Amino acid sequence: MTMARKLPLLTQETEAFWRGGARGELRIFRCQACKTWIHPPTPICLRCDSLDVGPESVCGRGHVASFTVNHQAWAPELDTPFVIAIVELVEQPGLRFLTNVVGCAVDEVAIDMPVRVVFEQHEDIWLPLFERDPPKGNA
Ligand code: ZN
């Protein structure tokens with residue numbers, strides 16, 4: 001399968017996020033002093049200024065906070081339409097990032113829909129995408 005996704009650049013801070021999927025884990029930076037989850041990752045806690053921050057695994061569940069259906073094929077390999085969503089993780093209000101909702105029809109996606117992470121490997125990157133939780137048919 002050829003995908004035209006633009007792969008993220010790995011840095012010391014972002015590597016855990018983009019490669020945790022190799023172990024089936026979604027890894028998010030967390031301050032060890034005040035336990036605040038931090039995303040995107042930064043080398044210092046934005047709440048308490050602690051430098052004791054590092055990646056921890058989250059459970060991989062969340063909900064759709066916002067989404068849009070993209071009908072534009074930005075590259076010929078991309079199937080359209082597809083869903084671009086902001087998913088908020090259950091660990092902390094506001095802990096959210098841009099991703100795609102996959103594995104269901106675009107008109108099934110709704111605000112607040114529960115989702116769980118699935119990983120899509122591209123080279124040495126494991127993109128965290130989300131699917132309905134539970135998937136259709138398993139409810
Ligand atoms: Zn902190």
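Counting starts at 1 for both ligands and their atoms, following the listed order. All of these numbers come straight from a predicted model, not from anything done at the bench.
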(message) Parallel, tilted or perpendicular, judged at 30° and 60°: which one describes the rings of Phe97 and Phe17?
(response) perpendicular
(message) According to side-chain contact (heavy atoms from CB on, under 4.5 Å), who are the partners of Ser66, at least two apart in sequence or on a separate chain?
(response) Ile86
(message) Check this for me: Gln72, atom CD, are more than 12 non-hydrogen atoms of other residues, nucleotides or ligands nearer than 6.0 Å?
(response) yes
(message) Can you count the protein N/O/S atoms lying under 2.8 Å from the Zn ion (ligand 1), leaving waters out?
(response) 4
(message) Under 4.5 Å side-chain heavy-atom separation, chaining through any Ile, Leu, Val, Met, Phe, Trp or Tyr, what else clusters with Ile44? Say none if it is isolated.
(response) Leu51
(message) Contact between Cys31 and Leu46 at the side-chain level, heavy atoms closer than 4.5 Å - yes or no?
(response) no
(request) Give me the other members of the hydrophobic cluster that Phe29 sits in, counting Ile, Leu, Val, Met, Phe, Trp and Tyr linked by side-chain heavy atoms under 4.5 Å, directly or via other members. (result) Ile38, Val53
